[in-house]
Amino acid sequence: MALKIDSAYFLSAMERMRSKHANQQEQGYNMILAHAGKFPEELIAEFRAETDHGLKCWILELLADARSEKVFDLFHEMLDASNLTFRDLAVKGLRRLNSKESKKLLSDRGF
């Protein structure tokens, strides 16, 4: 039986990422990592709603792996973040997008 990758799968993975147990957190992260490109909007919404710094960083990493143009605006925004980790992850994400627009933005910003 094939695994159904849908919103219930995503929510289950996010629940695991919020667990107090490291192995559950890793499992949730890896569940989404394998399918990050299917959930860019959901990941953006989770990033915006999240208050935990570490989880926000993980979500940005997942968004970088999603390689979806839908995350361009968030990465652009994070280039101006006061949080250096968020900025570094935005640069990583923009490089992975590897689009004309992302290349220009990185070049214009000196990255």
Side-chain angles (χ1 to χ4, degrees):
M1 184 172 154
L3 180 63
K4 188 173 180 181
I5 310 301
D6 58 8
S7 60
Y9 176 93
F10 177 81
L11 293 174
S12 173
M14 286 303 303
E15 184 178 318
R16 290 176 191 208
M17 285 178 66
R18 290 188 174 97
S19 171
K20 294 186 187 322
H21 304 285
N23 62 337
Q24 287 289 311
Q25 293 169 350
E26 289 274 336
Q27 187 178 37
Y29 178 87
N30 288 322
M31 285 172 67
I32 295 175
L33 179 61
H35 308 285
K38 296 180 181 181
F39 301 110
E41 295 97 343
E42 293 89 340
L43 286 165
I44 291 168
E46 291 290 339
F47 176 82
R48 296 215 181 272
E50 187 55 54
T51 58
D52 180 83
H53 178 266
L55 192 50
K56 285 179 86 82
C57 290
W58 263 13
I59 293 169
L60 283 174
E61 287 182 20
L62 290 168
L63 285 165
D65 285 323
R67 293 187 171 112
S68 169
E69 287 295 326
K70 294 176 181 178
V71 301
F72 177 84
D73 290 337
L74 177 63
F75 288 148
H76 186 179
E77 177 186 332
M78 289 300 106
L79 287 180
D80 295 322
S82 59
N83 184 303
L84 294 178
T85 305
F86 292 174
R87 277 193 271 174
D88 290 345
L89 290 168
V91 170
K92 175 182 176 182
L94 288 165
R95 285 184 177 142
R96 286 194 171 178
L97 279 179
N98 200 31
S99 67
K100 183 178 179 180
E101 191 175 32
S102 65
K103 289 177 186 178
K104 180 175 180 350
L105 177 59
L106 289 170
S107 176
D108 289 351
R109 293 292 189 96
F111 295 103

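In this chain, residues are counted from 1 in sequence order.
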K.L.:
Mind checking side chain to side chain contact (heavy atoms under 4.5 Å, CB included) for Arg87 and listing every partner two or more places apart, or none if nothing turns up?
P.N.:
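Checked Arg87 against side chain to side chain contact (heavy atoms under 4.5 Å, CB included); matches are Ala81, Leu84.
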K.L.:
Not counting sequence neighbours, list each pair that qualifies as a salt bridge (charged side-chain N to carboxylate O under 4.0 Å, His left out) and has a residue in residues 27-44.
P.N.:
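Counting only pairs at least two positions apart or across chains, the salt bridge (charged side-chain N to carboxylate O under 4.0 Å, His left out) contacts touching residues 27-44 are Glu41-Lys70.
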K.L.:
Are Phe86 and His53 close enough that some pair of their side-chain heavy atoms sits under 4.5 Å apart?
P.N.:
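Yes, close enough: below the 4.5 Å cut-off.
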K.L.:
Look up atom CG in Leu89 and atom CD1 in Ile59, then write down how far apart they are to the nearest 0.5 Å.
P.N.:
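It is 11.5 Å, given to the nearest 0.5 Å.
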K.L.:
Taking all heavy atoms of Glu69 and all of Ser99, pick out the closest pair and write down the distance.
P.N.:
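Closest heavy-atom pair between Glu69 and Ser99: OE2-CB, 3.1 Å.
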K.L.:
Run the side chain to side chain contact (heavy atoms under 4.5 Å, CB included) test against Arg109 and tell me which residues pass, sequence neighbours left out.
P.N.:
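Once residues adjacent in sequence are excluded, the partners of Arg109 under the side chain to side chain contact (heavy atoms under 4.5 Å, CB included) criterion are His76, Leu79, Asp80, Leu105, Phe111.
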K.L.:
Name all pairs fulfilling the ring pair (Phe, Tyr, Trp, His ring centres under 6.0 Å) condition that reach into residues 12-34, sequence neighbours left out, sorted by first residue then second.
P.N.:
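Residue pairs passing ring pair (Phe, Tyr, Trp, His ring centres under 6.0 Å), neighbours aside: Tyr29-Trp58.
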K.L.:
Residues two or more places apart in sequence or in another chain: which of them pass side chain to side chain donor-acceptor pair (under 3.5 Å) with Lys92?
P.N.:
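Once residues adjacent in sequence are excluded, Lys92 has no partner under the side chain to side chain donor-acceptor pair (under 3.5 Å) criterion.
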K.L.:
When you look at Leu94 and Phe72, which way does the side chain to side chain contact (heavy atoms under 4.5 Å, CB included) test go after all the steps?
P.N.:
CA-CA 7 Å; Leu94 288 165; Phe72 177 84; 3.7 Å; yes
K.L.:
Find the distance between CZ (Phe47) and CG (Leu74) and round it off to the nearest 0.5 Å.
P.N.:
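Result: 5.5 Å between the selected atoms.
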K.L.:
Using side chain to side chain contact (heavy atoms under 4.5 Å, CB included), reason through Leu43 and Ile32 one step at a time and then give a plain yes or no.
P.N.:
CA-CA 9 Å; Leu43 286 165; Ile32 295 175; 4.2 Å; yes
K.L.:
Does anything in residues 12-30 pair up under salt bridge (charged side-chain N to carboxylate O under 4.0 Å, His left out), and if so which pairs, sequence neighbours excluded?
P.N.:
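Qualifying pairs, neighbours excluded: Arg18-Glu46, Arg18-Glu50.
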